Every structure is written in C-alpha cells, then in structure tokens.
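Residue numbers start at 1 and run along the sequence shown. Scope of the values below: all heavy atoms of this structure, side chains included, with no hydrogens, waters or symmetry mates. Counting convention: from 1, in listed order, for ligands and their atoms alike. None of the values given here were measured: they were computed from a predicted structure.
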Amino acid sequence: MAGFQLTRRRFLTATSLGLSGAVLSGCDAFDFLQDRDSAARSVLESANDLTYRAQRLIAGRNSLAQEYTEADIRQPQRPNGITAPDDSTYKSLLSNDFADWRLEVSGLVERPLSLSRDLLINMPSRTQITRHDCVEGWSCIAKWTGVPMALLLDAAVVKPNARYVVFHCLDTIERSLSGDVKYYGSIDLIDARHPQTILAYGLNGKPLPVENGAPLRVRVERQLGYKMPKYIHKIELVDSFGAMGLGKGGYWEDRGYDWYGGI
Ligand SMILES: Nc1nc2c(c(=O)[nH]1)N[C@H]1C(S)=C(S)[C@@H](COP(=O)(O)O)O[C@H]1N2
Ligand SMILES: [Mo]
C-alpha cells in the first residue's frame with residue numbers, strides 16, 4: 001500500500017526527542033473535577049481554556065509525560081468505564097479475534113485509510129511505561145505498545161483545515177429512551193502528533209485485553225483517562241466537533257468534563 005512506505009529513519013526522528021519528563025501532579029490536583037455540581041464549575045470551565053492555552057505556551061509540543069521502569073508496574077491496568085461492550089457488532093468482531101475489524105481514518109484527509117490490526121501491528125511501534133490518571137482519583141502505571149498517531153496522520157495526509165481528531169468507539173456507554181450513545185472523544189492535532197500519543201494494541205507485553213479497549217485504544221499521556229477512548233474503529237479529522245453528540249467534543253465532555261483534561 002503506497003501510503004505505508006514509512007521509513008524507520010522518519011520514525012526515529014519522531015521519537016528521539018528525549019525523555020526529560022515533566023513532573024506529574026498527584027491525585028489531589030484533579031479531585032475537584034469529581035464535583036460536577038460545584039458552583040465553581042463554570043469558573044473552572046472558563047479557566048480550562050486558560051489552562052489549555054497556558055500549557056501550550058509554557059510546555060509546548062515537545063514536553064513529554066514521565067516514563068517509568070518495569071519495576072514501577074505494580075498491578076494490572078485497572079479497567080474502568082465500559083469493560084465488556086455488549087454491542088452486537090463488537091461481539092461479532094471479537095468472536096473472530098478482530099480479523100474483520102478495520103480502523104478507518106477519514107474526514108479531512110487526502111487519503112482515507114482502512115487498516116487491519118495486522119497491518120497496524122507491522123508498522124513501527126512505540127512502547128512506553130506511563131501513569132494513567134483517572135478523573136475519579138486513581139492512578140495506574142502500565143506499559144503500552146502501539147503505533148505513533150503521527151505516522152497514521154502522515155499516511156492519511158491531513159488537510160490544512162483539519163483541527164481535531166475525533167475517535168469513534170464501538171461501545172455503547174448509555175442506553176435510554178432518547179437513544180443509545182456510543183463513547184467518543186477528541187483531541188487537537190498538537191496532542192495527536194505528540195511523540196507519546198499512540199494507538200495501543202499491546203498492554204504490559206500482551207495483546208490489549210477486552211477490558212482495556214481491544215483491539216485498539218488511544219494513549220494521550222498528558223491528559224486524563226477519559227481522553228483516551230477504547231474500542232476505537234474510526235478516526236475522523238474535522239475542523240469542528242460542534243455538530244457531534246452534544247457538541248462538546250466527547251461523551252464525558254458533553255456531561256460536564258473539561259475538553260482539555262490536562263495533567
Ligand atoms: N470507549 C470507551 N473508552 C473509554 C471509556 C469508556 O467507557 N469507553 N472510559 C474512559 C475512562 S473514564 C478511563 S479512566 C479509561 C479507562 O481505561 P482502562 O479501562 O484501560 O483503565 O478509559 C477511557 N476510555
Ligand atoms: Mo476515568
């Protein structure tokens with residue numbers, strides 16, 4: 001496939017920025033986010049935009065999340081949110097060990113892609129031991145292996161007017177009379193091209209288990225857990241996410257969480 005003449009050298013350039021880790025904040029720093037009814041919420045929402053812009057100014061695109069050693073992995077990655085999708089599409093893909101699953105890359109790209117898991121696994125990969133911080137106040141260190149998202153974006157050739165990457169998931173997170181809601185999320189192109197942003201198919205040296213998002217989930221290491229969709233099947237490049245879901249860029253964002261879940 002012409003889109004995949006990606007050289008090793010290009011990959012190394014993308015990942016050889018060094019590992020001077022930014023110091024991560026502790027759980028305390030985001031405990032307040034649990035209080036979704038807080039009167040401070042709207043203040044925080046406008047502050048979120050400030051935090052986002054400040055982080056961009058101070059840290060820039062090259063700042064990496066801290067990476068750990070094997071010895072720091074003390075327990076399996078704690079499964080959270082949806083851990084066993086009961087959607088029939090997902091179940092039939094799983095029953096065939098995802099042989100029929102494809103990752104679609106579409107939207108504002110010159111060259112839409114449809115990629116099998118084997119193809120992804122044979123692309124250059126990055127492995128990183130990082131800390132997952134959930135907004136609920138727990139953390140977990142684990143080793144993630146996957147394809148750097150920048151490689152996929154280059155292969156698809158992102159159009160100049162694209163601003164965000166939207167992840168569409170196979171799991172239904174909410175069922176109600178007004179309709180079922182599938183998990184979705186979005187990040188901007190700076191985070192999408194960050195060297196630690198990968199589409200992970202491996203966890204702690206094994207294939208990614210169902211409970212943690214098989215066959216593919218995103219890792220965006222400088223943001224909170226809800227910004228890392230599991231069970232993804234489509235990546236869409238857009239210039240705005242206002243017309244999706246309730247317009248805030250993700251399932252949890254639509255329910256009050258900050259769009260920029262920086263840590
Ligand atoms: N598709 C999907 N992605 C998701 C969720 C989910 O429910 N569905 N939960 C999010 C939240 S809140 C967290 S903390 C992490 C949990 O990832 P883990 O199960 O691998 O720990 O996945 C995130 N991505
Ligand atoms: Mo979370």
Side-chain angles (χ1 to χ4, degrees), residues 24-27 29-36 65 68 73-87 89-91 93-94 98 101 103-104 127-146 149 165-176 180-187 191-192 196-236 244-245 248-263:
L24 293 177
S25 53
C27 300
F30 48 82
D31 275 346
F32 67 88
L33 289 173
Q34 291 175 85
D35 186 3
R36 286 170 56 192
Y68 298 82
I73 304 172
R74 297 196 185 89
Q75 69 284 300
Q77 172 69 17
R78 172 175 162 172
N80 199 40
I82 299 296
T83 55
D86 59 4
D87 304 73
T89 308
Y90 184 83
K91 287 198 287 194
L93 291 168
L94 171 64
F98 301 110
W101 171 91
L103 175 69
E104 309 289 335
T127 293
Q128 57 204 28
I129 302 176
T130 51
R131 196 182 75 184
H132 179 108
D133 291 328
C134 174
V135 70
E136 291 160 5
W138 55 269
S139 301
C140 237
I141 292 172
K143 181 165 84 173
W144 302 96
T145 300
M149 178 114 74
V165 179
V166 179
F167 303 102
H168 297 279
C169 305
L170 291 162
D171 57 317
T172 298
I173 182 146
E174 194 177 300
R175 293 183 199 279
S176 71
D180 292 354
V181 183
K182 289 227 162 34
Y183 200 93
Y184 80 105
S186 60
I187 57 176
D191 275 327
Q196 289 168 318
T197 298
I198 61 173
L199 295 168
Y201 49 74
L203 171 58
N204 292 331
K206 300 203 176 91
L208 184 66
V210 166
E211 55 195 13
N212 303 107
L216 201 70
R217 71 97 50 84
V218 190
R219 296 297 308 169
V220 187
E221 302 294 355
R222 295 180 310 174
Q223 295 206 52
L224 290 163
Y226 68 87
K227 296 296 296 185
M228 303 190 226
K230 310 193 278 188
Y231 317 114
I232 63 172
H233 69 107
K234 190 165 110 182
I235 292 179
E236 191 182 1
M244 291 175 189
K248 297 281 176 64
Y251 173 76
W252 283 114
E253 291 88 332
D254 284 342
R255 281 146 193 88
Y257 284 19
D258 291 324
W259 176 77
Y260 190 69
I263 44 174

Numbered atoms and elements of ligand 1 in range of [X], under 4.0 angstrom, heavy atoms:
X    : result
P229 : 3 (N), 24 (N)
C169 : 1 (N)
Y231 : 1 (N)
P79  : 19 (O), 21 (O)
E211 : 19 (O)
Q77  : 18 (P), 20 (O), 21 (O)
C134 : 14 (S)
G81  : 7 (O)

- Would you say E136 contacts ligand 1, with heavy atoms under 4.0 Å as the rule?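 Flag not set, E136 not near ligand 1.
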
- Has G213 got any heavy atom lying under 4.0 angstrom from an atom of ligand 1?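 The answer is no, since G213 has no heavy atom less than 4.0 Å from ligand 1.
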
Can you tell me the protein heavy atom closest to [atom] and the distance?
atom                    : answer
atom 1 (N) of ligand 1  : D171 OD1, 2.8 Å
atom 10 (C) of ligand 1 : Y183 OH, 3.5 Å
atom 17 (O) of ligand 1 : R217 NH2, 3.0 Å
atom 24 (N) of ligand 1 : M228 O, 3.0 Å
atom 3 (N) of ligand 1  : K230 N, 2.9 Å
atom 7 (O) of ligand 1  : I82 N, 2.9 Å
atom 23 (C) of ligand 1 : G225 O, 3.2 Å
atom 21 (O) of ligand 1 : R78 O, 2.4 Å

Checking contacts here: is it the side chain or the backbone of [X] that comes within 4.0 Å of ligand 1, counting heavy atoms only? Could be both or neither.
X    : value
H132 : side chain
N80  : both
I173 : side chain

- Task: Begin from the C-alpha positions of F98 and Y90 and carry the test ring-ring contact (aromatic ring centres under 6.0 Å, His included) through to its verdict.
- Result: CA-CA 9 Å; F98 301 110; Y90 184 83; 5.7 Å; yes

- Message: Quiz question: by atom type and distance under 3.5 Å, do the side chains of D87 and T172 form a donor-acceptor pair?
- Response: yes

- Message: The test is side chain to side chain contact (heavy atoms under 4.5 Å, CB included); show your working for E104 and H233 and say whether it passes.
- Response: CA-CA 6 Å; E104 309 289 335; H233 69 107; 5.5 Å; no

- Under-4.0 Å salt bridge between R175 and D180: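 Between D180 and R175 there is a salt bridge, with a charged N closer than 4.0 Å to a carboxylate O.
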
- Message: Can you tell me how far apart CD1 (I263) and NZ (K227) are? Round to the nearest 0.5 Å.
- Response: 12.5 Å

- Message: I want to know whether Y257 and Y226 have ring centres closer than 6.0 Å.
- Response: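 When the ring centroids of Y257 and Y226 are compared, they turn out to be within the sub-6.0 Å range.
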
- Report yes if some N/O of N212 lies less than 3.5 Å from some N/O of ligand 1; otherwise report no. yes

